[in-house]
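These figures come from a predicted structure and were not determined experimentally. In the text below, chain A, chain B and the rest are named by the order of the sequence lines, each starting its count at 1.
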Amino acid sequence: MKIATFNINGIKARIEALPHWLEAARPDVVALQEIKSVDEGFPREMFEDLGWRVETHGQKGFNGVAILSRLPLEDVTRGLPGDESDEQARWIEATVIGEKRAVRLCGLYLPNGNPVSFDADGQPEAVGKYGYKLSWMARMHARAADLLQGEELVVMAGDYNIIPQAEDAAKPEAWRQDALFLPESRAAFRRILNLGFSEAFRLRETGPGHYSFWDYQAGAWERNNGIRIDHLLLSPQAADLLQDVRIDREVRGQEKPSDHVPVWIELDA
DNA sequence: ATGACTTGCTGTGCAAGA
């Protein structure tokens with residue numbers, strides 16, 4: 001089962017590039033982020049005509065996640081539990097029925113968290129957008145712990161807006177005060193990993209120079225000034241079935257690209 | 001470097017992204 005994550009930065013803007021990549025990469029299931037569309041505005045029929053099952057969780061203008069699948073999907077749920085007042089569309093789950101195993105797939109768009117305000121001691125304050133990021137990650141931690149209690153394989157795929165280590169940024173010094181790389185953000189990410197999840201890419205690849213996002217500004221792509229923030233986290237049983245992992249970096253150089261590129265795994269499931 | 005670029009909005013410049 002080939003499972004991908006792709007922050008497309010707007011479904012309308014990627015209406016040609018996304019089908020092009022789907023045809024070339026031929027994943028079985030894809031978690032999409034930043035569809036920037038309400039459910040009724042997503043071009044569902046177009047993807048269904050191409051053979052995809054389509055499940056969306058959108059909102060007007062920003063955010064929004066979706067799952068496209070060639071395999072059957074069951075028990076689709078929308079929204080991250082833990083705060084009924086949270087109206088941002090950043091979490092969707094579905095059980096993907098593989099040839100050998102079922103996989104509980106979570107598609108997520110973790111809050112960016114910028115800008116960050118700092119107190120007189122230079123410590124980041126857990127308020128505003130940064131406070132929302134940290135509280136959202138605490139809710140994700142609780143959901144991730146619950147998922148591990150189930151019998152299904154678990155894959156949590158998406159735009160985490162977390163640079164896990166300095167080697168995951170071309171210029172780590174530029175991100176020291178940024179919500180994507182602050183120690184508190186990375187610690188919250190590690191707390192989720194410490195439940196028993198493995199980050200798929202680092203099971204297979206070591207060292208610097210692997211990125212999944214390049215800013216549109218200042219020639220970031222041409223200078224390879226990137227960061228690695230799109231991840232797939234695997235439960236222990238899922239990690240045991242990992243066969244391959246890849247970042248489709250060449251997508252960033254194609255026509256009218258998103259600022260993110262797809263990341264995918266192959267599971268023996 | 002307060003920049004840059006891209007997206008969606010019911011806009012005519014702005015917020016948000018990372």
Pair A:Phe201 + A:His231: ring centers closer than 6.0 Å: no
Results of side-chain hydrogen bond (donor to acceptor under 3.5 Å, both in side chains) for A:Ser198 - residues two or more places apart only: none
A:Arg186 to A:Phe181, cation-pi by 6.0 Å centre distance and 45° axis angle: yes
Sugar-phosphate, base or nothing in reach of A:Asp178, heavy atoms under 4.0 Å: nothing
Sugar-phosphate only, base, or nothing, as touched by A:Asp159 at under 4.0 Å among non-hydrogen atoms: sugar-phosphate
A:Ser235 (side chain) donor-acceptor with A:Val154 (main chain) under 3.5 angstrom: yes
A:Lys2 (side chain) donor-acceptor with A:Arg26 (main chain) under 3.5 angstrom: no
Nearest-angstrom distance, [atom1] atom, [N] to [M]:
| N | M | atom1 | value |
| --- | --- | --- | --- |
| B:dG8 | B:dA18 | P | 14 Å |
| B:dC9 | B:dA4 | C1' | 22 Å |
| B:dC14 | B:dG3 | P | 14 Å |

N/O to N/O distances under 3.5 Å, protein versus nucleotides 2-5 of chain B:
| residue | atom | partner | partner atom | Å |
| --- | --- | --- | --- | --- |
| B:dA4 | N9 | A:Gln217 | OE1 | 3.0 |
| B:dA4 | N7 | A:Gln217 | OE1 | 2.9 |

Euclidean distance, atom CD1 of residue A:Ile8 to atom P of B:dT7 [Å, nearest integer]: 12 Å
Interatomic distance where CG belongs to A:Asp259 and P belongs to B:dT7 [whole Å]: 9 Å
Distance-only side-chain donor-acceptor flag, A:Asp248 / A:Trp264, under 3.5 Å: yes
Residue pairs fulfilling ring-ring contact (aromatic ring centres under 6.0 Å, His included) with at least one residue in residues 108-129 of chain A, sequence neighbours excluded: none
If you restrict it to nitrogen or oxygen atoms, what contacts under 3.5 Å exist between nucleotides 9-14 of chain B and the protein, and what is each distance?
| residue | atom | partner | partner atom | Å |
| --- | --- | --- | --- | --- |
| B:dT10 | OP2 | A:Lys60 | NZ | 2.9 |

Any A:Lys256 side-chain N or O less than 4.0 Å from OP1/OP2 of B:dT6: no
Distance test, side-chain N/O of A:Asn7 to OP1/OP2 of B:dA18, below 4.0 Å: yes
Listed partners of A:Asp49 passing side-chain contact (heavy atoms from CB on, under 4.5 Å), at least two apart: none
Residue list, side-chain contact (heavy atoms from CB on, under 4.5 Å) with A:Ala169, at least two apart or on another chain: A:Ile163, A:Pro172, A:Trp175, A:Ile227
Donor/acceptor link under 3.5 angstrom from A:Asn112 side chain onto base of B:dA18: yes
Shortest side-chain distance from A:Asn114, nucleotide among B:dT7, B:dA16, B:dA18: B:dA18
